Protein chains: 2
Amino acid sequence: MDALERLIEGLQRAENVEGLQASTEQLRDHFAVRHVIYHWVNSRGERFGAGTYSSQWVDRYLERDYLRLDPVIFGCFQRFTPVNWKELDWSSKAARAFFKDATEHGVGNQGYTIPLRGPKGQFALFTANDSCDDEQWEAFISSNARDLMILAHEFNKKALEFETGADGAPAPSLSPRELSAMTYLAKGFSRAQAANELQISEHTLRVYIEAARHKLGALNTTHAVARALASGLIVV
Amino acid sequence: MDALERLIEGLQRAENVEGLQASTEQLRDHFAVRHVIYHWVNSRGERFGAGTYSSQWVDRYLERDYLRLDPVIFGCFQRFTPVNWKELDWSSKAARAFFKDATEHGVGNQGYTIPLRGPKGQFALFTANDSCDDEQWEAFISSNARDLMILAHEFNKKALEFETGADGAPAPSLSPRELSAMTYLAKGFSRAQAANELQISEHTLRVYIEAARHKLGALNTTHAVARALASGLIVV
DNA sequence: TTTATACTCCCCAATTCTGGGGAGAGGGCC
DNA sequence: GGCCCTCTCCCCAGAATTGGGGAGTATAAA
């Protein structure tokens with residue numbers, strides 16, 4: 001049994017967020033880095049995190065609404081693949097100030113973050129952070145990227161278990177016509193245009209939209225489209 | 001250099017979709033399974049696939065619009081974690097007929113599919129398929145799940161390189177107010193409600209919505225919200 | 001066979017959204 | 001200091017969407 005497997009086993013024993021917390025500490029020691037952080041946004045947009053950052057830094061981060069300008073958050077939100085912090089856009093004044101503040105609160109200057117996404121807009125970031133020069137960090141990444149990737153997924157699996165109510169709504173199923181209707185609306189078609197595309201009367205189209213709205217528990221059409229999109233029921 | 005690294009190297013040499021195709025064949029032989037498939041939907045909703053399925057089966061699949069009812073596609077679309085095909089919902093008549101048709105065209109009865117998602121609605125499936133009994137398949141999964149996960153990500157990285165035009169639009173940046181406006185609309189608020197939440201006049205809110213619409217190149221509000229959502233600019 | 005879903009069509013009136021236009025104050029960037 | 005972007009407010013009339021309601025046929029599940 002190798003070290004990675006032992007780490008994963010430790011993680012799998014976690015029964016709550018504190019357990020994840022303990023795992024990040026274990027990982028930090030294993031990789032001999034300064035910090036390991038797992039940050040997660042669930043399908044209701046609620047955020048939580050587990051990591052080795054000092055509580056002062058976490059509080060300061062939330063207090064100052066750094067989420068809004070943190071290039072790691074913003075950059076990873078648009079990305080697909082793991083990212084070395086050095087590749088991100090730190091050009092804005094606010095970003096540089098944020099970085100300075102972070103290093104002054106114990107955050108290392110190097111970071112590697114793996115973004116992961118779920119079907120309902122869930123979004124998770126798994127980060128390793130350390131203080132060293134660029135070359136050392138590159139070496140660290142190239143030798144550990146795969147393990148970190150596996151661990152990121154394991155964290156995700158665990159976080160998913162903690163999702164209260166097992167995802168709440170069990171994903172309403174829309175009929176093919178309803179899905180088509182939602183898709184056309186998401187593409188910017190008006191009802192008349194969408195009805196025309198589907199070769200049905202606009203009245204009929206409306207019935208589908210309303211049915212979809214009810215199934216999705218949406219307050220209006222835009223809401224319904226947003227939910228269908230966020231649930232992965234349709235793709236634009 | 002272990003076998004996994006050699007496989008990844010081969011994959012990284014791929015310069016086009018045919019290269020990916022060759023890699024799937026290499027993987028099939030390495031894992032000694034019947035099929036390996038990488039299926040990808042890019043940000044414009046265009047699909048493509050690389051895999052070892054027979055061309056007859058691929059044609060038949062597309063022709064019969066099996067995408068609509070394939071439980072693997074549908075199931076993975078809603079999921080976060082890799083899935084053993086046995087866990088999917090094969091209860092509907094259509095699904096069972098599809099499965100029968102698949103096995104008659106060379107598809108093995110066992111499968112393991114890893115879903116991956118990108119920030120703009122990109123969606124990829126990496127699948128290993130074989131014909132054996134449940135126990136053998138479980139054993140295969142438990143010993144190869146991690147390698148498959150790593151490979152899935154490598155495929156993704158490669159597929160991303162092939163995205164023409166480097167993602168086309170470089171993600172328009174919306175102002176904080178515009179983002180808030182889009183977010184409230186995505187949550188189902190009417191303009192009046194959203195304006196109230198933001199403590200601004202409805203007229204002002206409208207300006208933000210229109211600005212966002214223009215930046216996003218959207219045809220109407222619903223379209224704008226859909227784009228903002230699909231671009232990962234906002235989360236519901 | 002019965003039940004359920006999905007699909008298609010139609011009515012109405014109230015509400016909301018959409019298309020432009022203009023204008024002033026404040027902030028950050030070069 | 002000048003420029004650009006953001007934020008805030010306002011006008012109007014026409015077009016579109018939304019809230020319910022009902023009702024028939026066909027196909028699929030129990």
Side-chain angles (χ1 to χ4, degrees), chain A residues 65 68-69 89-98 172-227 233, chain B residues 65 68-69 71 89-98 172-226 233:
Chain A
D65 206 20
R68 290 259 170 213
L69 54 90
D89 175 26
W90 296 94
S91 62
S92 89
K93 198 174 164 184
R96 282 194 305 271
F98 160 70
S173 72
L174 302 189
S175 77
R177 286 308 223 187
E178 288 159 0
L179 289 175
S180 302
M182 290 292 107
T183 303
Y184 280 119
L185 293 181
K187 283 181 177 170
F189 286 55
S190 71
R191 296 200 307 199
Q193 288 174 315
N196 193 49
E197 287 293 318
L198 291 169
Q199 295 283 325
I200 54 176
S201 79
E202 191 183 329
H203 300 288
T204 303
L205 184 85
R206 251 185 57 195
V207 176
Y208 298 142
I209 298 173
E210 306 229 327
R213 206 179 37 231
H214 284 131
K215 283 186 183 175
L216 292 161
L219 298 167
N220 54 43
T221 302
T222 299
H223 194 198
V225 171
R227 287 209 158 169
L233 290 169
Chain B
D65 206 22
R68 292 261 170 213
L69 55 89
D89 175 25
W90 297 94
S91 62
S92 88
K93 198 176 167 185
R96 281 193 304 272
F98 159 71
S173 72
L174 301 189
S175 77
R177 285 309 223 186
E178 288 160 359
L179 289 175
S180 302
M182 289 292 107
T183 304
Y184 280 119
L185 293 181
K187 283 181 176 171
F189 286 56
S190 72
R191 296 200 305 197
Q193 288 174 316
N196 192 49
E197 287 292 319
L198 291 168
Q199 295 283 322
I200 55 176
S201 79
E202 190 184 332
H203 299 287
T204 303
L205 185 87
R206 252 185 57 194
V207 177
Y208 298 143
I209 298 173
E210 306 229 327
R213 208 180 34 230
H214 284 132
K215 283 186 184 175
L216 293 163
L219 299 166
N220 54 44
T221 303
T222 300
H223 194 196
V225 171
L233 290 169

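Please read all numbers here as calculations on a predicted model, not as lab measurements. Residue numbering restarts at 1 for every chain, and letters A, B, ... go by the order of the sequence lines.
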OP1 or OP2 of [N] sitting under 4.0 Å from any side-chain N/O of [X]?
| X | N | result |
| --- | --- | --- |
| Arg191(A) | dT17(D) | yes |
| Tyr208(B) | dT8(D) | yes |
| Arg206(A) | dT17(D) | no |
| Ser92(B) | dA29(D) | no |
| Lys215(B) | dC5(D) | no |

For a 4.5 angstrom cut-off between non-hydrogen side-chain atoms, does [X] reach [Y]?
| X | Y | answer |
| --- | --- | --- |
| Arg177(B) | Thr204(B) | no |
| Ser180(B) | Tyr208(B) | no |
| His223(B) | Leu185(A) | no |

Measuring from the side chain of [X] (C-beta onward, heavy atoms only), which nucleotide among [options] has the closest atom?
| X | options | result |
| --- | --- | --- |
| Ile200(B) | dT8(D), dC17(C), dC7(D) | dT8(D) |
| Lys93(B) | dA29(D), dT18(C), dC7(D) | dA29(D) |
| Arg213(B) | dC7(D), dA29(D), dG19(C) | dG19(C) |
| Thr221(B) | dT18(C), dC10(D), dC9(C) | dT18(C) |

May I have the distance from [X] (atom [atom1]) to [N] (atom [atom2]), rounded to whole angstrom?
| X | N | atom1 | atom2 | answer |
| --- | --- | --- | --- | --- |
| Gln199(A) | dC9(C) | CD | P | 10 Å |
| Ile209(A) | dT18(D) | CD1 | P | 7 Å |
| Leu205(A) | dA6(C) | CG | P | 16 Å |
| Arg177(B) | dT8(D) | CZ | C1' | 9 Å |
| Glu202(B) | dC17(C) | CD | C1' | 9 Å |
| Glu178(A) | dA6(C) | CD | C1' | 8 Å |
| His203(B) | dA23(C) | NE2 | P | 17 Å |
| Glu210(B) | dG20(C) | CD | P | 8 Å |

Could you check whether [X] gets within reach of a base, just the sugar-phosphate, or nothing at all, counting any heavy atom under 4.0 Å?
| X | answer |
| --- | --- |
| Leu185(B) | nothing |
| Ser201(A) | sugar-phosphate |
| Thr204(A) | base |

- Task: May I ask you to decide if the ring planes of Phe189(A) and Tyr184(A) are parallel, tilted or perpendicular, using 30° and 60° as cut-offs?
- Result: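 Phe189(A) and Tyr184(A): tilted rings.
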- Work out which heavy atom in Arg191(B) is nearest to a heavy atom in Leu205(B); give both atom names and the distance.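 In this case the closest contact between Arg191(B) and Leu205(B) is O-CD2, 3.3 Å.
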